Each structure stands twice: as structure tokens, then as C-alpha cells.
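Worksheet: one structure, shown below.
No experiment lies behind these values; they were computed from the predicted model shown. Only heavy atoms go into these numbers, but all of them, side chains included; no hydrogens, no water, no symmetry mates. Proteins get letters first, then strands, A, B, ... in listed order; numbering begins at 1 in each.
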Amino acid sequence: MDKHYQPSLEPDIYQLWLDKKVFTPKINPKRKPFTIILPLPNANDPMHMGHAMFTIEDILCRYHRMLGDPTLWLPGADHAGIETQFVFEKKLAQNGKSRFDYDRQTLYKMIWDYVEKNRKINQFQLKELGFSLDWTRYHYSLEPKIIEQVLATFRKLHADKLLYRGERIVNYCTHCGTAFSELEIDHVEKDDFLYYLDYGPIQIATTRPETIFADVAVAVNPQDKKYKKLIGQQAIVPLMSKTIPIIADDLVDINFGTGALKITPAHDTTDFEIGQKHKLPTISCIELSGKMTNTIDGINGLYPKQARIKTLEMLEKQGKLIKTTPLHHTVGICYRCKNTIEPLPVPQWYVKTKPLAKPVIDSIKKEDTEVFPKRFKKTYLDWMENIHDWNISRQIVWGPQIPAWYCLDCHPDIQLNFIDKNGNIVSGKYQDIKEKYSFEDIKKGLQTLNAPVSSKYFLENTDNSCPHCSGHHILQETDTFDTWFLSGQWPLTTLGFNVVDPKKSSPDFNYFYPTSVLDTLWDILFFWVGRMMIFGFYLTGKTPFKMIHLHAKVVDEKGQKMSKSKGNVINPSDTVKQSGADALRLALVYGVAPASNIALSQDKIKAQSHFVNKIWNASRFALMTLDRFPKASFTLPKKLHPDDQKIIKKLNKLITSVTSDIEKYRFGQASENLYQFFWHQFCDSYLESIKNKGATAIPVLMHLLITQLKLLHPFAPFVTEAVYQQLPPIFTKKQPILATASWPSPIHEKTQKS
RNA sequence: GAACUUGUAGCUCAGUUGGCUAGAGCGCAUCGUUGACAUCGAUGAGGUCGGAGGUUCGAGUCCUCUCAAGUUCACCA
């Protein structure tokens, strides 16, 4: 054995586990399984410390495997729709290209190839950290089998009337060219101005003067005495000299601005709501591209930012701008590109979530699904109880397309964007361009289509013909699924659930579902955990996991988030190469309170790599002692020496506490106790004490060592297995691999009591 | 605006249901070490556990208030 622990031996140990198939469980109806589905990493992302936190799951899995439970930890990777397309587009931009230079098929293929490379790296890095994942059950979110089930769920939702296409105000990022769900919007505080404008008989206050062109009414609060007389009269939109009605609605805040609100249903959610209530038209003055339209000369074609300046100039010239006051408020920005979100009316696909959330709420309340730590339960319930319909469509190419088809002959008003033979972008309604371009050319170069919300669609397309007119000019919806629509079904799809006929689900599904624990960072509690539960209950009537365990994020030693710009990132892969996976794993759990931030520093990693080395060297010492006494007995005597009794008693206590700490998710405490015992009790005290003893020390020495190797194994799998493999066969004959050796239990309890 | 979390040695943090003479790692000081390990050992300095009040035989641990830091949620034009 080497004088120091060498992390370079880790790959061989991992290979040993793979060769012996220790991570691949066998279905055993007599035993309850232990199952964790790995929170599928973004296939395109290199590993960061967030991924290294899978250590918690590995500890649980390795512990249960040693208990003898058929243990499945199922790995996978996510195509991560918007995230990945965004990264890819940045790459395109570096080469002076954009997504608009390609038709959707070409773009999709390019992203696919790009992701494939990184997906392999991702897998390799998970292995580097020693994660005991069952690679024979690996899945990728864009596998045909996975997609097939996801599409089936879409159809089932539709059949159950839980899915609809609707035109509402959505959070649209004109830069990313797609709508987002509410969860994907960040809010930032901003210093802006509130502009008071003259609307004839009434004055209004607005932050967005550039949208006055799409005004359809002015609303006041019915309780507002100063405006009572004006209700029912007409206001005049400046610059356009358009008259619009003055209406009353209690959503208007009397004390804000002038107490009168201009109603622009197309560009504000509150306005849209009021507009719907009062049956007002929705006029849009901003296109999906983000440019102004339907306004007046000088404004059309501008982006809102310039349009605002220009509009204000014009208003001022005409004396319609009464005053300007500063305003501190919050605006929504795109979580990806940080541009201001433009609320726009766009047809989107929605899932009715209220009825779906009900069983989830019940299950959480009854604690059929437990939440750890408990404090998140309230937050989670609050969200579930106030859930809004879920926009599941995204206007990007990277992901499965929504399986709905439109007939262009039935709906010639469908808007099309495509690249023609010469590589030019063509936009227009089908009726206006069909003479000039063949359907085949349109289809081949298609980027997006935009069907009015009234368009009929069909969900089964077997023979490429329209069920109404039998025509063949049909196109598939170009919207793709929100990534979470796929990953929300991950526990079901990866285990082999059959949506159409649940009875035909795979044996894996029948055995391993519901899974035992779902561990993740709390930031995707709503995004992912919530959706998985919704789908779990909807499709199977059961919770997808019995326990939701939330861990905190990894921060640097100053408590700051790790980020490239701060330069405080510790890369897991580099750390593994330098100090070994065990050191990193221990550093991530050692002394960390459940669900508190995990402060990681090079110091902490160093400390734990010293510990790993200590395990190695103490074991080396034990083995050298064995060599000195080749004829020594290995069996523990019935009657122990009082000193031995003492240490065995302490060891028993350690076994009990570590076991219970793991059961209660107190990994920080467990690792701390293991560290303290191994280093100070075992090494500093016990090993020193036996240096003068002879062969008689061997049985207790080996018992102490092997028991501790077992207890340490879930935390530091590599060094413990490496040492275990060095032990003489007499110790390992029955259980040749530590990873599947049995979890220790206290011994000599009777001796202790007497 | 609402909710939640955190505040313990120089630094980063443990401390489960109240029993602690308050711990660890790193750092610091002094000494030691040719055979398990200098990625080591021994000894030590360093804290009135953010502040104030309360419950209790007993509080870092429970309650109230207060100060500070942070996070999340919310339709305010």
C-alpha cells in the first residue's frame, strides 16, 4: 500500500462496482425497494457544485443498499429546452449567426449534435464523484420512448378537458422570442417615471406612454367621488384624437396617480382582466418582434424604448404631458436574458392546474408526501393553493413539438414565417403567400407558425390529411413543450409507466414506484417537484415520492453564491482530480446542518482530504500489524478485556447514532461523529494503545476497522472500498464488495450491560 | 406589502426533543517526531452563544420584543 491515499485509484474502484453490477438492483417482491430518481441534470451543462450535492442521494442509496434493500438510483439527462437553446444561440451569435438564419429542422439538428457531446461529459462526471447510479437504466429526455409517453399525456389531458388553447396576456420575451410561465419571470426594482397625461375630461397616469395607441378605455374606481360624474362619458387619447369610454372597475386604486387608469388590454395583465370583464376589444401596438405597430407615423417600427421617448416628445409638443414624477416600482424581466418582459396577447397552450393540484394539496396536508425541512411545507402549499393555469408552450425549437396540426386550407389566416429557397425570411398569412410559394417550400423552410386562437386543430395525424377538408396542406404546431412538462413526468416515464394503458406498465414501474425520496435544491420546488406531483397523481393516483428532501445551495466561505463573475467557483471535477471524490463529498456534508447553506472552501476540502488519508493510513497500519502476526486468531473472544469492552461500547454507540442520523437526514452530524471517532478514538487513542500489544489485539482491531469502513462507506465510498479490497480474504470472503456488504449493528450488547 | 431563514471562537460552521465544564476544521502559539500518517502527535490561547426581557431547578436550545443580514412570494398602472 502506498504511503498516501492516491485519488488516481478511484476510477478502478468505480469500474469494479460496475463490473460486479452492484448498482443494478434485482426486483425482489419480498423486500421493499429503495428508489431515488436523480434530478436529471441539464445534458448540456458541465458539472457544478449543485450536482455534487447528489452526494446526499448517494449516501442514502449506499446506506440502503448495505441494509439489503433492492436499491435503484436512476440516472438521466434533460435536454432543458430554453436553457440549452439560449446557450446555443449565444454560440451562434459569436459566429455572427442567429436562429433566424435556419429553418427549424436544421436548427434542431445543430443543437442536438452540440448537446450530444456534452451529454457524455456529464455522465463521466457523475461517475467521477462515485455516484452509485444504475447506468443500465439511464434515460435521456428526448428518447423516443420518453417522448411517446409525454405526448400521450398531452392527449389524455386534452381528452379530459384539462388542456386548452387560449389567448391571454403572456410573459413574452421579445429577445428570446418566446413566452414564459410566471415562474420564469424575475422581478427587479427599477426607478422609472410616472407620466400624467391629458385625456380630455380626465387625466391619467402611466409608466408606459408608448402604449397609449392601444388604449380602449379609461377606468376609475366606482367609489371614487371625484370621477363619479365622468363614468359613461368619453375620454380622448392624445396624438390619435381617438375617443374611448370612461368605465368603472374596482381594480383601480383610487390613490395611485390620478386615480384614473388607461386600459390597454393587449399590454398589461390587469388591463386585460378589466378588458375581458367589460368586453372591450384587445388592440395590440407591439408585435412579437418587439416593434411598435398600429400606432402613428414616426412611432411604427420603433422599439418601445425609443417609442417612449418619441411619444413623450410629441405629447409635450401638444401640451398633453402634464407632469412627470419619479416612480420606484418592480418590472418583470426574462430570467435568461434579463430583458424586460413584454406582456403580449399570444395564443398559447394551457393546462388547467386547479383540479390537478387538489390531490397534491391533500397528500401534502395528510403527510402522505412528507416535506423536509418542514418549513417548506407551508410555502409549497401556498403555491399549490394559488396555482394558475400553466402555459406549457414555448416558441423555441429545442424540444418536442406540441402534437397538434392545423390545416392551412381551412385556416388561410395562419401566419407563417419561413426561409425561402434563396435563404430569405418570408413572413405572411398563408392566403397572401400561397400563390408565390409552394406548400412544400414553406414546410421545408418553416420557422414558426402562428395560428389565431380560433383555429381548429387536430391531435391525431396518421395520414397527413385534414379531417375536415381532407386537404394535405397541414402543418404541425411549431410551439414546443415547456421543459417541465417533460421532466414533470420523469419518475413515470423513466420507470416505464404506460399512459394509455397503465396495466401495461413495466415491472420496474410496478415495483419501484412510488419512489422513496426526492432530493433537490429548493429552487425548483415549484418548477419541478410541484409538476411531478401533479402528473404523478393525475396519471397514477399516487404520489411520485414519499419524501421530498430539500437541501440548500452551495456557497463560498463568505456565504456568497458561486458564480463565474465573482471568481469564487470551485469546480467539482478539478477538485476530484486534486483531492479525490471522497474529500469533496465529505466536505459537502461534514458539519452542515440540514437545509442550511453549504459553505464550501478549499480549506474544508483540504481538511477532509487529510481525513481520507487518515483512513488510508490507519488501515495501512492495521494491515501491517496483521502481517506481523500471520498466525493470529481473527475471531472475537466471548469475554473481552475491559479496555476492549470500552471501545466496543463506544463503537456500538457510534453505529446507533450514525444509523439514526442517516435515517433522519442529519448527514452533517453523522459525518462529524464518524470523523471524531475514527481520528481521535480509534487512531489517537486505540491504535496507540495496541502498539505494545501482540497478536491478541488483532480481533478487536479488525472489528473496529471493518465496522468503521462500513459506516464510512456511504460518505467516502472510494477509500473505504479501496482499503476493503486490500483486506485478507478471510475478512471479505462472504462479502467481497464493501458497497454491498451488510450494514453493521451493535455487538456484545450483553457483555456491555453486565 | 407578506412570508421565511440566519446571527455561537480571527474565518467557515456543528450543537436532534432545554442538562454544556459550549465543540470541529482552518488559522495562531509552544513542544515533539528516523517504522501507519508532517496530509502526523501533544499542549495551549481564543466565546458573558446579536441585544433586552420572560418561562424554568436549569436556556445557545422555548416565548415576547428589538437590532442586523439574507432569501422567497405578491397584479399596483
Using a heavy-atom cut-off of under 4.0 Å over every strand shown, decide if [X] touches base, sugar-phosphate, or nothing.
| X | answer |
| --- | --- |
| N613(A) | base |
| K614(A) | base |
| T207(A) | sugar-phosphate |
| I263(A) | nothing |
| N386(A) | nothing |
| Y675(A) | sugar-phosphate |
| H329(A) | sugar-phosphate |
| K262(A) | nothing |
| Q608(A) | nothing |

[atom1] atom, [N] versus [M]: distance in rounded Å?
| N | M | atom1 | answer |
| --- | --- | --- | --- |
| U64(B) | A69(B) | P | 22 Å |
| C49(B) | U61(B) | P | 9 Å |
| C13(B) | G60(B) | P | 22 Å |
| G15(B) | G50(B) | P | 15 Å |
| U71(B) | A29(B) | C1' | 41 Å |
| C63(B) | U55(B) | C1' | 7 Å |
| U66(B) | A24(B) | P | 37 Å |
| A3(B) | U12(B) | P | 30 Å |

**Prompt:** Can you find an N or O donor on one side and an acceptor on the other, under 3.5 Å apart, linking the side chain of K3(A) with the base of C37(B)?
**Reply:** no
Would you call [X] and [Y] a salt bridge, taking side-chain N to carboxylate O under 4.0 Å as the test?
| X | Y | answer |
| --- | --- | --- |
| D186(A) | K338(A) | yes |
| K378(A) | D382(A) | yes |
| K365(A) | E385(A) | yes |
| D249(A) | K277(A) | yes |
| E210(A) | K305(A) | no |
| K262(A) | D215(A) | yes |

**Prompt:** How far apart are the C-alpha atoms of V371(A) and I364(A), what are their side-chain angles, what is the distance that settles it, and do they pass the side chain to side chain contact (heavy atoms under 4.5 Å, CB included) test?
**Reply:** CA-CA 8 Å; V371(A) 181; I364(A) 298 284; 4.1 Å; yes
If pairing requires Watson-Crick or G-U wobble contacts with both distances under 3.5 Å, which nucleotide is the partner of [N]?
| N | result |
| --- | --- |
| A42(B) | U30(B) |
| C20(B) | none |
| C37(B) | none |
| G53(B) | C63(B) |
| G25(B) | C11(B) |

Where does the angle between the aromatic ring planes of [X] and [Y] fall among parallel (under 30°), tilted (30 to 60°) and perpendicular (over 60°)?
| X | Y | answer |
| --- | --- | --- |
| Y335(A) | F180(A) | perpendicular |
| F193(A) | Y195(A) | tilted |
| F526(A) | W383(A) | parallel |

**Request:** Could you say whether N255(A) or I598(A) is positioned toward the 5' end of RNA chain B, judged by the nucleotide with the nearest heavy atom to each?
**Result:** I598(A)
**Message:** Both G259(A) and M624(A) contact RNA chain B. Which one's nearest nucleotide lies toward the 5' end?
**Reply:** M624(A)
Closest listed nucleotide, where the reference is the side chain of [X] and the choices are [options]:
| X | options | result |
| --- | --- | --- |
| T270(A) | A74(B), C37(B), C75(B) | C75(B) |
| R620(A) | C37(B), C76(B), A42(B) | C37(B) |
| L687(A) | A36(B), C26(B), A24(B) | A36(B) |
| Y590(A) | A24(B), C26(B), C37(B) | A24(B) |

**Asked** Counting only side-chain N and O atoms of K691(A), is one of them less than 4.0 Å from OP1 or OP2 of A36(B)?
**Response** yes
**Request:** Indicate whether OP1 or OP2 belonging to G25(B) is found under 4.0 Å from a side-chain N or O atom of H610(A).
**Result:** no
Give the rounded distance in Å between these two atoms: [atom1] of [X] and [atom2] of [N].
| X | N | atom1 | atom2 | answer |
| --- | --- | --- | --- | --- |
| H680(A) | G23(B) | NE2 | P | 13 Å |
| W679(A) | A24(B) | CH2 | P | 13 Å |
| D192(A) | C76(B) | CG | C1' | 14 Å |
| D250(A) | C76(B) | CG | C1' | 14 Å |

**Item:** Rounded distance (nearest 0.5 Å) linking atom CD1 of I322(A) with atom OH of Y196(A)
**Value:** 10.0 Å
**Asked** Taking the six-membered ring for Trp, is the centroid-to-centroid distance between F682(A) and F677(A) below 6.0 Å?
**Response** no
**Message:** Ring centres within less than 5.5 Å and planes less than 30° apart: is that true of H4(A) and U39(B) in this structure?
**Reply:** yes
What does the list of N/O pairs under 3.5 Å between the protein and nucleotides 14-17 of chain B look like, with a distance for each?
residue, atom, partner, partner atom, Å
A14(B), OP1, A593(A), N, 3.4
A14(B), OP1, S596(A), OG, 2.6
A14(B), O5', G591(A), O, 3.2
A14(B), O2', E672(A), OE1, 2.8
U16(B), O2, R666(A), NH1, 2.8
U16(B), O2, R666(A), NH2, 2.3

**Item:** Selection: residues 372-383 of chain A, any non-hydrogen atom under 4.0 Å of RNA chain B
**Value:** R375(A)
**Request:** Decide side chain to side chain contact (heavy atoms under 4.5 Å, CB included) for K650(A) and Q681(A); before the verdict, give the C-alpha distance in whole Å, the side-chain angles of both, and the deciding distance to 0.1 Å.
**Result:** CA-CA 9 Å; K650(A) 282 183 183 165; Q681(A) 303 286 332; 3.2 Å; yes
